[in-house]
Amino acid sequence: MKNERVFNHALQLHPELDIALVNMANTLKDMDRPADAIPYYLKAVTINAGLVDAYCGLSMSMNAVCNWTARDHWLTNTIVICEENLSELHHQNIGILGERSVDDWLLNVALTTSRPQCDHSLRRWVHRFCLFTDVSDGRQPLLNEGSFLIRLIDWYRTRMQHRRYVETYGETLYSEEVSYSQLRAAPTAKPFGFVLSLASLQKVPTVLPFHTFTLPLPSRTIRRIAHRNALRVSHNIMTQISPDRVPLLPRPPWKRRINVGYVSSDFSDHPLSHLMKSVFQLHDQDRFCIFLYATSPSDGSIFRQYFEQGDFNFLDVSSWSSVDIVNRIEEDHIHILVDLGGYTRGARNEIFAARPSPVQISLMGYAGTLAASWCDYLVCDSITCPVDLFARVRAYRKRSLNYCCQHSDFGVPVGEEGDPESSSPHWIYTECPIYMPHTYFVTDHRQSYRHGANLSVEERAQMPAEKLWNDEIKCRADLRRALFPDLPLNAIIFANFNQLYKIDPNIFATWLRILARVPRSILWLLRFPTAGEAHLIQTAKEWAGDEITSRIRFTDVAEKDYHIYRCRVPDLFLDTSECSAHTVAADVLWAGTPILACAWPSHRHKMSSRVAASLASATGFGEYMVVSSRDEYEERAVALGNSICYTVQPNGDGEISGDLLDLRRRLFLNRDTMPLFDTERWTRNLEKAYWMAWRRWVDGSMFRMSDDGCIWVKDDIDVPIRMD
């Protein structure tokens, strides 16, 4: 509000001031008022067509309200400007590594690893250093020297920390001793302080990582956008702490209890908390000690109170500096630090860039690569993240076919395989994958959202399936009449409850064709935001005519409990393609409503587009709900919609049947036993991954090319599907 008043005052004095117009628009957009921001963006680019910062904000704001007027123009400009930004920023900080000789750099490598390099590895190091230091002929390196330097610093700090741990404790996974004395950082050579002082702050493109979820961008562009933001974060924190400072060593886990720290700005009334609420309590207290670091102040919600009063170590660090938080994490001897934010609003990535923990993992909060050297692992599954899109996997396979040095380091900033600035379009993830069974996505619905019949898991399991199902049919019919009293009983309800920014013209056109081919159907959408309704209605009239448009219904966003309760009303949830449903998909499936989820080959590099497909598969009925092309999507929706048959009985009651209803019945009756909603089972599997990651750090295999870096978590539970 303060910024809005400041920029409004500036515009009263200078109505044509383009910078003030953009700042005002950005402020409104960040306040979740995209419709109000659009006029300011438009006026700014009208006054100054070269104001590149306005194009991305304008494109995102128009997309948020489904205002697709001249969409191709604004979208194309945004993407072109982004690519130009990446090209302009490519040759940053040229010549800084040349301040020292190649031999000096190689000596630092040898001291860091405490062992001689094999010929193959040495040649690669020499090649990369020469690329940046040998510029006598005036040529410039093809890759970003600033990127190389920052990744080199992180490589040095992580290897030195591991080396000191082994020198101090040996390859000790855990200790039965009461404690070790606190170790301070040992003095070391300082190879980076001087050269980092010569490096300028890394600039970032106007398109931010979160924007890539809805933009049609190739894998290399998405990777580089994320990486440039990671470099900026690293540079910021390295100017506050010495780049030569090696993080303090954590003590070995005492009595086999690994210290796990979760960092988030969303320990509040937020979807992440709704999904992960029970996870922290379900951790095995004999094997894990849990720390929660809240980087946002309390919102007073019951969720925040739950975390503050829980049986774990909760700390509000929202008013602390990043350096103070880093120091506290080191003092807490955190072995594994989990990032629940990624590149979302409010995230404090500087904490992770400072490397306060040996193992650092990205989980849940951001469905994509961080492309950051300070993120070791990405928790995912085989549907959201195909294995060939990970840099380390590709590098290992390539070396296995040719020459693989078992003791060479992965993560060394040399070669195409692991360099985010690489020209390769064939991979996107710089992290190593932790492959969870079933799905990487955790839910809390089985514990938190049992309203309706109000039956416990045990009580529901004892109840006859036929009674459960009949009660659900009646509840659903009553709620449907309350929401849509004018609908005939044989109407088919398609729905999508995502925020409207996830809808793009292609998927909306597909929905309109589905409505045309299923004559008794309607499409139920949310005013999310309200301004989007008028634009979608107008577009539908232009593309499909008045009759189809009359079958599009909007309702307001509901409070969380009621939202999940009414998710049982639609017959079929239609997913979006560029960025799929995430939390909403879990809500809908818990209610028993089938979804049509996208897992298209053209989007296999976008984790955010495949989350709903992962959730649908984790129900055990994914083959009926996951499709691999736009044509299959439309045909499956039409077939399922038209499969519903409504028969009037002699007593006047109606009876519904069809493939779609059979699928709903299976989802509804099995929800308490399917992997998707088994939070304790998911938590146990995550704990397996934590132990494997810790073991890999201790024995050093995390750094060596002795394997492909994948952690495959095996599920030990096999629960039969209820078909009655």
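This chain uses plain numbering: 1 for the first residue, then up along the sequence. Nothing here was measured: the structure is a model prediction, and the numbers come from that model.
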Margin query: Let me confirm one number: the CD1-OG1 distance from Ile222 to Thr369, rounded to the nearest 0.5 Å.
Written below: 10.0 Å
Notebook entry, point to check: From Leu455 CG over to Arg460 CZ, what is the distance, rounded to the nearest 0.5 angstrom?
Noted result: 7.5 Å
Next item on the list: Could you tell me whether Asp672 and Arg450 make a salt bridge, using a distance below 4.0 angstrom between a side-chain N and a carboxylate O?
Entry: yes
Margin query: Would Arg568 and Tyr562 count as a cation-pi pair here, with the cationic atom under 6.0 angstrom from the ring centre and within 45° of the axis?
Written below: no
Check: Under a 4.5 Å cut-off applied to non-hydrogen side-chain atoms, are Val387 and Tyr435 in contact?
Finding: yes
Check: What closest approach, in Å, do Thr549 and Lys541 show between heavy atoms, and which atom pair accounts for it?
Finding: OG1-N, 3.1 Å
Next item on the list: Return the minimal non-hydrogen interatomic distance between Ser580 and Ser609, and the atom names on each side.
Entry: CB-O, 3.5 Å
Next item on the list: Can you tell me which residue pairs pass the salt bridge (charged side-chain N to carboxylate O under 4.0 Å, His left out) test with a partner in residues 483-507, sequence neighbours excluded?
Entry: Asp486-Arg553
Checklist line | Distance-minimising heavy-atom pair for His227 and Ala371 | finding: ND1-O, 2.9 Å
Checklist line | Residue pair Asp631 / Ser629, side-chain donor-acceptor N/O under 3.5 Å | finding: no
Next item on the list: Decide yes or no on ring-ring contact (aromatic ring centres under 6.0 Å, His included) for Tyr366 and Tyr343, but give the supporting numbers first.
Entry: CA-CA 7 Å; Tyr366 184 79; Tyr343 291 121; 5.5 Å; yes
Next item on the list: For Tyr440 and Asp381, work out which heavy atoms get closest and say how close.
Entry: N-OD2, 2.9 Å
Next item on the list: Identify whether the distance between the nearest side-chain nitrogen and carboxylate oxygen of Arg446 and Asp678 falls below 4.0 Å.
Entry: yes
Next item on the list: For the pair Phe280 and Tyr262, evaluate ring-ring contact (aromatic ring centres under 6.0 Å, His included) and give the outcome as yes or no after the intermediate values.
Entry: CA-CA 9 Å; Phe280 312 112; Tyr262 291 92; 4.9 Å; yes
Next item on the list: State whether Trp600 and Arg630 meet the cation-pi test: NZ (Lys) or CZ (Arg) under 6.0 Å from the six-membered ring centroid, and within 45° of the perpendicular axis.
Entry: no
Margin query: Less than 4.0 angstrom from a charged side-chain N to a carboxylate O is my criterion; do Asp478 and Lys474 meet it?
Written below: yes
Margin query: Looking only at the side chains, is there a donor atom on one of Ser362 and Asp339 sitting less than 3.5 Å from an acceptor on the other?
Written below: no
Item checked: Among Phe554, Phe497, Phe494, ring pair (Phe, Tyr, Trp, His ring centres under 6.0 Å) partner for Trp524 -> Phe497
Next item on the list: Any chance you could measure Met607, atom CE, to Phe213, atom CZ, to the nearest 0.5 Å?
Entry: 8.5 Å
Next item on the list: For Asn685 and Val713, work out which heavy atoms get closest and say how close.
Entry: O-CG1, 3.3 Å
Next item on the list: Kindly compute the distance separating OH (Tyr633) from CD1 (Ile507), expressed to the nearest 0.5 Å.
Entry: 4.0 Å
Next item on the list: Output yes when Lys560 and Asp269 qualify as a salt bridge under the 4.0 Å nitrogen-oxygen rule, no when they do not.
Entry: no
Note to self: Under a 4.0 Å threshold between the charged nitrogen and the carboxylate oxygen, would Arg517 count as salt-bridged to Glu635?
What the structure shows: yes
Check: Hey, what do you get for CD1 (Ile656) to CG (Asn490), rounding to the nearest 0.5 Å?
Finding: 9.0 Å
Next item on the list: Using the test side-chain hydrogen bond (donor to acceptor under 3.5 Å, both in side chains), find all partners of Ser273 that sit at least two apart in sequence or belong to another chain.
Entry: none
Checklist line | Arg476 and Asp571 ion-paired at < 4.0 Å | finding: yes
Checklist line | Stepwise ring-ring contact (aromatic ring centres under 6.0 Å, His included) test for Phe390 and Trp427 | finding: CA-CA 6 Å; Phe390 285 86; Trp427 60 276; 9.7 Å; no
Next item on the list: Only counting residues at least two apart or in another chain, list the ones meeting side-chain hydrogen bond (donor to acceptor under 3.5 Å, both in side chains) with Tyr377.
Entry: Arg696
Margin query: How long is the straight-line distance from CD1 of Ile503 back to CZ of Phe528, given to the nearest 0.5 Å?
Written below: 11.5 Å
Next item on the list: Salt-bridge test for Asp388 and Arg604: reply yes if a basic N is under 4.0 Å from a carboxylate O, no otherwise.
Entry: yes
Check: Looking only at heavy atoms, which two atoms of Cys56 and His211 are closest? And how far apart?
Finding: SG-ND1, 3.3 Å
